[in-house]
2 protein chains.
Amino acid sequence: MVNQKKPDKMMNKQFATVGSSTYQRIKHDIIFGDLKPGAKLKLEGLKQRYSTSSSTLRETLNRLASEGFVEAPEQRGFFVTPVSREDLIEITELRVLLECHALEQSIENGDTDWEGNLVAAHHKLHLMEQRLLSGDESEKELWKRYDWEFHLAMIEACNSKNLLSLHSTLYDKYLRYQMLVLTYRGDVAVQEHKAMFDAALARDASKAKQLLEEHIRNGLEHTLAAM
Amino acid sequence: MVNQKKPDKMMNKQFATVGSSTYQRIKHDIIFGDLKPGAKLKLEGLKQRYSTSSSTLRETLNRLASEGFVEAPEQRGFFVTPVSREDLIEITELRVLLECHALEQSIENGDTDWEGNLVAAHHKLHLMEQRLLSGDESEKELWKRYDWEFHLAMIEACNSKNLLSLHSTLYDKYLRYQMLVLTYRGDVAVQEHKAMFDAALARDASKAKQLLEEHIRNGLEHTLAAM
DNA sequence: ATTTACAAGAATTTCTGATATTTTTAGATT
DNA sequence: AATCTAAAAATATCAGAAATTCTTGTAAAT
């Protein structure tokens, strides 16, 4: 007999509650630019757009405000956090600091599972990059997902939930800037990924860190130039 | 509790809205242990305790959840985030990483205002430490405020709002652990503060970083031993 | 004795609607 | 152009109720 505990709930497993679904959707729309930087977020409008009530919306917006995707000046409502060159530079510097540190720890602690996961993540990213190089730019979201999963796989064995959590938020903030300029660095980025991947598997933490730092900084230059 | 003073025209209004006041109060009660780690936060009870409605409370708890002071498992309500040795170690490592980096930047960029602020902050901290050494442990909140203001003054010229914001949250999390064991390291900490202060004023970034790292790690050992 | 099943009760999530307060706007005045 | 004020818009807060989910105690089954 197949063991199916709760077949009816498994369908809606993706987003259990209206609250978390709304959170995901608004965050997505901010990161992918559907909600423009600086835009006023009027409760009335959002109620319509996301088919939900003001209580749920205010909870969501408060969460996003505390993460830095939304600004909530006292008694003046909510705004999408504006973008700026300075902010992008700050975000990037922090990402270099945290991600490099996490990478070092991860390379030190990573076990066989970590390696396996990393190989898989790099493979999937590489396949996607081939498609992008051949001109198929149709699936930006998928591309960024694989990029995220690769970077996460690299640092996942760092042994610090707090660090992974901070890094995840930073990555999302960086991602918004990337989506804003919306260009692909092409073959260069592919090679950088491959080099980092090799250094990590070879457990060469020092080299991996250096490559990662260059990779992130190159991305910054590319994005700054396009702003 | 970390408290930014706002030199506004309306100083008499400590907290403008019910929401922000409730936020401050609950955060304070978590950090200072009035709301115990792991405790269930029942809406009914909180409504009474903080004299506010469930909407406002849910907004507040969502914010605190996103900062990591509260856990909000889906459809099971809210809990004060539990404590653990591992978490304390993670927090400490992150604080070393971020605060040392910020200190380096700050020493590099700090101008005359920065120096003046730092001198003042260290002076106030030092006065308070003298009182503590002479046995007057009556004002722990004040002591921690001066400690915070000193550490903040050290890194305030780092030129990164994002970094200062992350650091502030980390400091608060670390503070909860300190308040949990509630002991004073005494003369040793006083000397560490003085040495860091001198190195920072002398613009010796490398030495200041090293001293800061030791200072934070010594605090960790002290807290771990008392847990 | 331990596990399973299920119904009653408790708690949470979500929504509606109402009120007080504050901010924004638009028009009038200087 | 700058300022003031009244009206309109938006926000913050609250109370309460419906729907859903979780918890728990008790009975039934293994």
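Here is the naming used below: chain letters follow the sequence lines, and residue numbers restart at 1 for every chain. These numbers come from the heavy atoms of this one structure, side chains and all, not from hydrogens, waters or symmetry mates.
- Here the two rings, on Y174(A) and Y171(A), have centers that are under 6.0 Å apart.
- Atom P of nucleotide dT16(C) and atom CD of Q48(A) are separated by 12 Å, given to the nearest angstrom.
- A cation-pi geometry, defined here as NZ or CZ lying under 6.0 Å from the six-membered ring centre and within 45° of its normal, holds between R63(B) and Y23(B).
- With sequence neighbours left out, the side-chain contact (heavy atoms from CB on, under 4.5 Å) criterion links S55(A) to S53(A).
- Residues K47(A) and F79(A) both approach DNA chain C. Their nearest nucleotides, taken by heavy-atom distance, put K47(A) toward the 5′ side.
- In the helix from dA1(C)-dT30(D) to dT30(C)-dA1(D), the rotation axis of the first five pairs and that of the last five pairs differ in direction by 30°, rounded to 10 degrees.
- For H215(A) and H151(A), the ring centers are positioned less than 6.0 Å apart.
- Partners of S160(A) under the side chain to side chain donor-acceptor pair (under 3.5 Å) rule, at least two apart in sequence or in another chain, are E90(B).
- Residues R145(A) and E141(A) are not paired through a salt bridge, judged by the lack of any N-O separation under 4.0 Å between the basic side chain and the carboxylate.
- Residues forming a side-chain contact (heavy atoms from CB on, under 4.5 Å) with E93(A) (at least two apart in sequence, or on another chain): I89(A), R217(A).
- What separates OH of Y23(A) from P of dT13(C) is a distance of 16 Å, to the nearest Å.
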* When every nucleotide of nucleotides 8-14 of chain D is labelled 5' to 3' by its protein contacts under 4.0 Å (heavy atoms), B for base, S for sugar-phosphate only, - for none, what sequence of letters results? -> --SSSBB

Extract all donor-acceptor atom pairs below 3.5 Å that involve side chains of residues 218-227 of chain B and protein atoms in other chains or at least two apart in sequence.
unit_1	atom_1	unit_2	atom_2	d
N218(B)	ND2	E192(B)	OE2	2.7
N218(B)	ND2	E214(B)	O	3.3
T223(B)	OG1	G219(B)	O	2.8

